Amino acid sequence: MAELELKSIKDRLKNKQKIRLLFPYSENAEVKKLGARFDTESKFWYYPSLDGKVPEELEKYQAKFIDVDYDDKEFLKPLLPSMKFDKITQSWMCNNEDYIKFGTFMG
């Protein structure tokens, strides 16, 4: 029984992910209470997930990549407060809440 349980845990760990989060600093304490962690090396907030999902309360903060022309970034930043440039992927991203807004005026 313990061997089967250990295998199940190992299988689940194979799918572990750091799901990036973008949120206002003022909500830092609440987001931490919901399980968010800070990656000090890469300098980003994330939720440690075993199944690729975040708790419902964190869904609005889940980072999404957006296709933004460099010249448009200054116009979009005031409309999408969470918009941030990801140095690792060299892409713009915003949280899910702003992603929905982005889709409505870019779609």
Side-chain angles (χ1 to χ4, degrees):
M1 178 87 165
E3 208 172 294
L4 182 59
E5 190 173 306
L6 183 59
K7 182 179 178 352
S8 174
I9 292 169
K10 284 182 182 178
D11 286 344
R12 289 178 63 201
L13 286 174
K14 288 179 189 174
N15 297 321
K16 70 182 177 183
Q17 298 176 39
K18 288 183 175 182
I19 298 177
R20 294 184 69 165
L21 303 172
L22 295 170
F23 54 89
Y25 182 78
S26 61
E27 297 180 33
N28 193 2
E30 184 172 329
V31 173
K32 282 169 69 172
K33 286 180 190 175
L34 295 170
R37 302 286 180 260
F38 187 72
D39 184 316
T40 55
E41 188 176 311
S42 298
K43 308 283 189 237
F44 66 80
W45 284 92
Y46 69 95
Y47 179 79
S49 177
L50 291 175
D51 61 2
K53 297 178 184 174
V54 296
E56 188 176 326
E57 300 89 357
L58 292 177
E59 285 178 357
K60 65 183 177 181
Y61 302 128
Q62 188 170 347
K64 306 277 186 174
F65 289 100
I66 54 176
D67 186 18
V68 173
D69 290 334
Y70 184 80
D71 294 338
D72 294 339
K73 70 178 174 59
E74 296 306 319
F75 299 104
L76 290 172
K77 280 185 137 189
L79 301 171
L80 307 171
S82 71
M83 194 170 116
K84 182 177 180 178
F85 189 73
D86 179 33
K87 293 177 185 176
I88 297 168
T89 62
Q90 298 291 299
S91 302
W92 287 97
M93 61 183 176
C94 63
N95 66 27
N96 196 41
E97 197 169 50
D98 284 346
Y99 184 76
I100 293 167
K101 286 189 241 175
F102 178 76
T104 59
F105 54 77
M106 296 299 280

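Starting from 1, each residue takes its place in the sequence as its number. The structure displayed is predicted, hence computed values, not measured ones.
- Side-chain contact between Phe102 and Leu76 is present, with at least one heavy-atom pair separated by less than 4.5 Å.
- Not one N or O on the side chain of Asn96 forms a donor-acceptor pair closer than 3.5 Å with the backbone of Gln62.
- The hydrophobic clustering, which links ILVMFWY residues whose side-chain heavy atoms are closer than 4.5 Å, places Leu34 and Tyr46 apart.
- Leu79 and Ile100 are not part of a single hydrophobic cluster, where members link through side-chain heavy atoms under 4.5 Å apart.
- The side-chain heavy atoms of Leu80 and Lys101, taken from C-beta on, include a pair separated by under 4.5 Å.
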Could you tabulate the donor-acceptor pairs under 3.5 Å formed by side-chain atoms of residues 63-74, not counting sequence neighbours?
none

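- Side-chain contact between Val54 and Ser49 is absent, with no heavy-atom pair separated by less than 4.5 Å.
- Test Glu57, Glu59, Lys53 against Pro55 for side chain to side chain contact (heavy atoms under 4.5 Å, CB included) and you get one pass: Glu57.
- A donor-acceptor contact shorter than 3.5 Å is absent between the side chain of Asn95 and the backbone of Ser82.
- Within a 6.0 Å radius of CD in Glu56, no more than 12 heavy atoms belonging to other residues, nucleotides or ligands are found.
- Interatomic distance, Phe23 CZ to Glu97 CD, rounded to the nearest 0.5 Å: 13.5 Å.
- In this structure, Arg37 CZ and Leu21 CG are separated by 11.0 Å, a value rounded to the nearest 0.5 Å.
- Annotation for Tyr99: atom OH does not count as buried by contact number, only 12 or fewer foreign heavy atoms lying within 6.0 Å.
- More than 12 non-hydrogen atoms from other residues, nucleotides or ligands lie less than 6.0 angstrom from CD of Gln17.
- In the hydrophobic cluster analysis, where Ile, Leu, Val, Met, Phe, Trp and Tyr join through side-chain heavy atoms closer than 4.5 angstrom, Ile19 is grouped together with Val31.
- Nearest approach of Phe44 to Ile88, heavy atoms of both residues: CE2-CD1, 4.4 Å.
- Here the side chains of Gln90 and Phe85 are in contact, with some heavy-atom distance below 4.5 Å.
- Qualifying side-chain hydrogen bond (donor to acceptor under 3.5 Å, both in side chains) partners for Ser26, counting only residues two or more places apart in sequence or in other chains: none.
- A chain of hydrophobic side-chain contacts below 4.5 Å, direct or via other Ile, Leu, Val, Met, Phe, Trp or Tyr residues, connects Leu58 to Trp45.
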